[in-house]
Every structure is written in structure tokens, then in C-alpha cells.
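So you know, we letter chains A, B, ... as the sequences are listed, proteins then strands, and number each from 1.
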Amino acid sequence: MIDKADIRKVAPFIWQIDKSYRPGMNVPAIIFATEQILDGVLKDRSIEQLVNVTSLSGIQKAAMAMPDMHEGYGFPIGGVAATSWPSGAISPGGIGYDINCGVRLLKSDCRFSQIEQYIGKLGHEIYKSIPSGVGKGGDIRLSVKELDNVLQHGSKWAVKNGYGNERDLERTESSGCLENAYPNAVSEKAKKRGIDQLGTLGSGNHFLEIDVVDEIYDTECADAYGLFKGQAVVLIHTGSRGLGHQVATDYVKIMMSSMEKYGISVPDRELAYAPFDSPEGQRYYAAMAAAANFAWANRQIITHKIREAWESVLGRDARLTLLYDVAHNIAKIEDHEIDGKSRKVIVHRKGATRAFGPHHPEIPEAYRVVGQPVIIPGSMGTASYVLAGTEAGMLMSFGSTCHGAGRQLSRSEATRMIDGKQLMMELRDRGIYPYIGSIKELAEEAPEAYKDVDDVVDVIDRTGIAKKVAKLKPVVVIKG
DNA sequence: ATGTGC
């Protein structure tokens, strides 16, 4: 266990464990948190995991953790690690099991008050058209060859096949398609698990929500993003389902056994990695990209289905426009300023969201002056946020920020302490329409099982690694 | 997160 005395406060809401803390650390570990959040995470293994991450080969500047950090597989969730391209480490544990888990926000053109009377019907139609739950498949039938096209082209495949439009692609991180995807690097088993799962939600913390824009903090950004107070919006949070999970499983195993060959030793086997430019590293990166593309196609198809439901209830001219789609479990090759020079790095974001500052060429033109939209889903029934990337974030955290509220109770602790039925009634009491697949799993997602998303986002805003633009309040929650 | 454990 890490002692609080070994953690130094270096700036407001920024904590550091120096490189001298333990042999084998290549860089310091940095945590963005309030003291209360820090005290909370000292109780699990997440800070120790962050210290382990500092030993990755080629890691640059620091291993970083966002205020939503908690224990994960090998790496903490809420972690950011950039390693030198091309021969630094790539680690499946630094991306996570749900490859390209992510969030997108759809903007309606109406106020919530205008559609309030239809809200139950909207919830029902959306719930009906998007399968949810563990292992659940959908109604999209793909041949193996067509699945390979999905893996190769992601959202571009979806749009080409009638699920959405070109504008959706512009408003998706990486246009919803990583070019280096290689379907042959994805095992038959992974493909088998994913082949009927396009257009499905999954379970756990994945959800669909109808929200109201509750508060605007930054008018210039909100205007650029097309957000206004009282607006009805739709939030989608899901990933690559069983396919991505299997890719992660496959490559953790491969890298655990290839480490010896490369003379790699890690403080924790779950941190297994390979040099990015090794055959194992390259093959994982190509498979990860394919799984990421699957997740983007999934969110794009779900978008299409929600639009159909929306139009069927509200009429054909009711529009849902994509604000933006972000990945929060992914590795990317990016250019970042290190020691005053621009360097290519492999940025691992595990439960962390890309948040590029103003004028970055990868941001859609409409948002370029104000910075990339960042979407932060809160815990069930609380609040979610839209943030904007900043110049400070580019320099302090490799253009990264938090991804959500972050657990504070493990799934088993939450199940033990919280009653699902009562939680359901509480949601209703607060005016939220819940559509819940499994009451049994609901307790795991109770607000008490998570940190306070307001506190988490305030740390981000106060340190300046992103800034608050809008707060969203849920009115319909759909979960698997 | 996940056909929720090897």
C-alpha cells in the first residue's frame, strides 16, 4: 500500500509521487484530485497501479491519473500513459477490456418542455429498438466478410450502409475509423462473439439517456457546440461488446508470454506489454483498432435507431444532430510537446478522454476555435457534463481528461450494500423514467457506488486541463 | 466491461 506521506502536493488539486519513491520508476506519478478523492483512492490499489505504470519502457513525462481514478486490470481506470513512438511500450491493460468504450451526445432541436408529454413513449420506443443486457445480440445479420468490413471501416461502414450521414463522421473522434485496423489480427473467437452484437448496448455502466441541458457555464463554447439551456439531448454510452473484450483477453495472454523474449520485467503481470514496433505490439495495435472501429460502428448504428424512434414519436422533422463522439478506452499515436519539442507518442487512455485544445487540426472545423467537445457521463441518475479541451490540457495531460464519475465501491461491495428495487423507486421519485433490464445488476450502478461527478469535473475545471461548458440532467435512463 | 470463474 502507498502511504499518503509519500505523496506530495505540487499545485492545487495536483499530487505527485516522485521518481525516487521506488527503483524502476522511469518518471513520476501524478494524480489530479481533491484531498478527499485522494483519501478515497488510497484505499484501493489504484495508486500502486499508477506507480507500476511509471515503469513502462519509453514512458514520457509522468504516469497520470484523473480524479475519477479507481482500480483496474493492471492500470488504474482514469489513467493516462504516453510512451515514445515507435519502440516504447504498448500494453492492453492500459486500454482496458472494453476497447473504445465511449460516449456520444445527440442534440435535439427542441426544448425538453416541448416534448415532455411524449417522454415515456420515447423511452419505451428507444428501449424496444436497442437490445441490452449481457451477451445480448441484435437483429443485424452480418457475414464474416461483412464483419471484416465493419472492423476495417468502423462508422464509415455504418454510414455507407444507411446508418447515419457524413456529418456524423466529421463529428466523431478519428471520423469513427482508425486506418491501421487489421481484421486478420482479430481472433475467430472474438469475431464469433461480436458478429451479432452490432447495434446493442450491453450491460454494466453502459446506458442510453435522455437528458435536459440544465446549466451553461461557457456561452461561447455552448454556442459553438449548439447547446442551450432547457434543450433535450440524448446520451449514448457503450463500447465494443464481447468482440473487444475477447481481443483484450487474447492479447494480454500473448503479451504475458512474449515478455520474456523481449527481456521485459513488470512489477505486476497484469501490466503485460510489448514494444510497440514488435510483431506482438503491431498486431495488438491493429486488433485494437479493429475493435475500436467495431465500437464506433456500434454507437453509429444505435444513433440511427434512436433517430428512428425519435421520428416515430415526434414526427419526421424532429432532428437529432451529433454533437460529438469520444473514445475513453483506447491508444492513439499523437504528436505532443515534450521538453519544448514536438514528439510522436503512443497515448494510452484508459477511462480517460481525449480533450484536444483549440486549433488542433483533428477537431471539426465548427469547434476548432473553442476546443474539442468532451462528454463526461455521470453515474446513473445524477448528472453528466460537456467540457471543452484546453491548451493547458495539451501541455499537462497529453490532451486528456477524466471519463466519468469513477467507482468508489467495487461491484461486489455495491451489490452487498445497496438494494436494487429501492434504488429503482428512488429514481422514479426524482422524476426519472428508468428502463432497467436487470434489477439484480442495478445496485452495482447506484450513485453511491460512484464518486460525485460534480467533484470530479470541478478538479478538471480548476486545474484547467479542460473547462466546463454545460451540465446535463437525466430524465430517461435505459440500462441493460 | 464480459457468453461475469481455468
Side-chain angles (χ1 to χ4, degrees), chain A residues 44 46 49 68-79 91-103 130-138 147 186-198 200-208 236-254 256-257 269-270 272 287-288 291-292 294-296 298-299 302 326-331 348-353 377 379-380 402-416 420 437-446 449-450 478-480:
Chain A
D44 70 21
S46 53
Q49 290 180 327
D68 51 343
M69 78 183 292
H70 60 102
E71 194 176 317
Y73 181 90
F75 276 58
I77 290 158
S91 173
I95 285 103
Y97 275 81
D98 189 2
I99 294 167
N100 190 7
C101 186
V103 208
I130 296 154
S132 60
V134 189
K136 253 302 191 351
L147 177 61
V186 175
S187 69
E188 291 305 315
K189 193 174 176 184
K191 289 180 186 175
K192 201 175 163 191
R193 283 180 70 173
I195 199 157
D196 67 344
Q197 291 186 324
L198 264 191
T200 67
L201 185 63
S203 72
N205 66 3
H206 290 164
F207 67 73
L208 304 171
I236 302 170
H237 180 201
T238 185
S240 53
R241 310 283 285 101
L243 184 138
H245 191 273
Q246 191 61 45
V247 168
T249 305
D250 292 341
Y251 282 91
V252 163
K253 208 171 151 195
I254 288 168
M256 273 183 178
S257 55
R269 273 179 64 76
E270 293 184 358
M288 182 216 74
F294 184 86
W296 270 314
N298 192 29
R299 290 197 289 276
I302 289 174
V326 287
H328 56 221
N329 278 10
I330 203 162
H348 298 67
R349 294 192 181 93
K350 181 191 198 176
T353 314
S379 56
M380 184 175 57
C402 67
H403 86 306
R407 279 197 170 280
Q408 59 180 356
L409 297 180
S410 71
R411 289 176 189 279
S412 57
E413 281 171 326
T415 312
R416 208 166 49 235
S438 159
I439 288 258
K440 224 179 109 197
E441 285 170 51
L442 194 64
E444 293 182 3
E445 297 306 319
Y450 284 83
I478 298 171
K479 287 189 79 80

Rounding to a whole Å, what distance do you find between [X]:[atom1] and [N]:[atom2]?
X	N	atom1	atom2	result
Glu445(A)	dT2(B)	CD	C1'	13 Å
Tyr251(A)	dT2(B)	OH	P	20 Å
Lys440(A)	dT4(B)	NZ	P	11 Å
Arg241(A)	dT4(B)	CZ	P	12 Å
Phe294(A)	dT2(B)	CZ	P	11 Å
Tyr97(A)	dT4(B)	OH	C1'	12 Å
Lys189(A)	dT2(B)	NZ	P	16 Å
Arg411(A)	dT2(B)	CZ	P	9 Å

For the atom pair NZ (Lys350(A)) and NE2 (His328(A)), what is the distance rounded to the nearest 0.5 Å?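 Going from the NZ atom of Lys350(A) to the NE2 atom of His328(A) covers 12.0 Å.
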| field | DNA chain B: 5'-proximal contact among Val134(A) and Asp98(A) (nearest heavy atom) | value |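 Nearest nucleotide further toward 5': that of Asp98(A).
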Of Glu441(A) and Arg407(A), whose closest DNA chain B nucleotide lies nearer the 5' terminus?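 Result of the comparison: Arg407(A).
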Polar side chain donor-acceptor pair, His403(A) to Asp68(A), under 3.5 angstrom: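 Per modelled atom types, His403(A) and Asp68(A) side chains form a pair under 3.5 Å.
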Can you find a heavy atom in the side chain of His206(A) that is under 4.5 Å from one in the side chain of Cys101(A)?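 The answer is yes; the side chains approach within 4.5 Å.
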Practice item. Would you please confirm or rule out a distance under 4.0 Å between OP1 or OP2 of dT4(B) and any side-chain N or O of Ser203(A)? Key: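 It does not, given that no N or O in the side chain of Ser203(A) lies less than 4.0 Å from OP1 or OP2 of dT4(B).
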Practice task
Kindly determine whether Glu444(A) and Arg416(A) satisfy salt bridge (Lys or Arg N to Asp or Glu O under 4.0 Å), including the steps that lead there.
Solution key: CA-CA 9 Å; Glu444(A) 293 182 3; Arg416(A) 208 166 49 235; over 6 Å; no
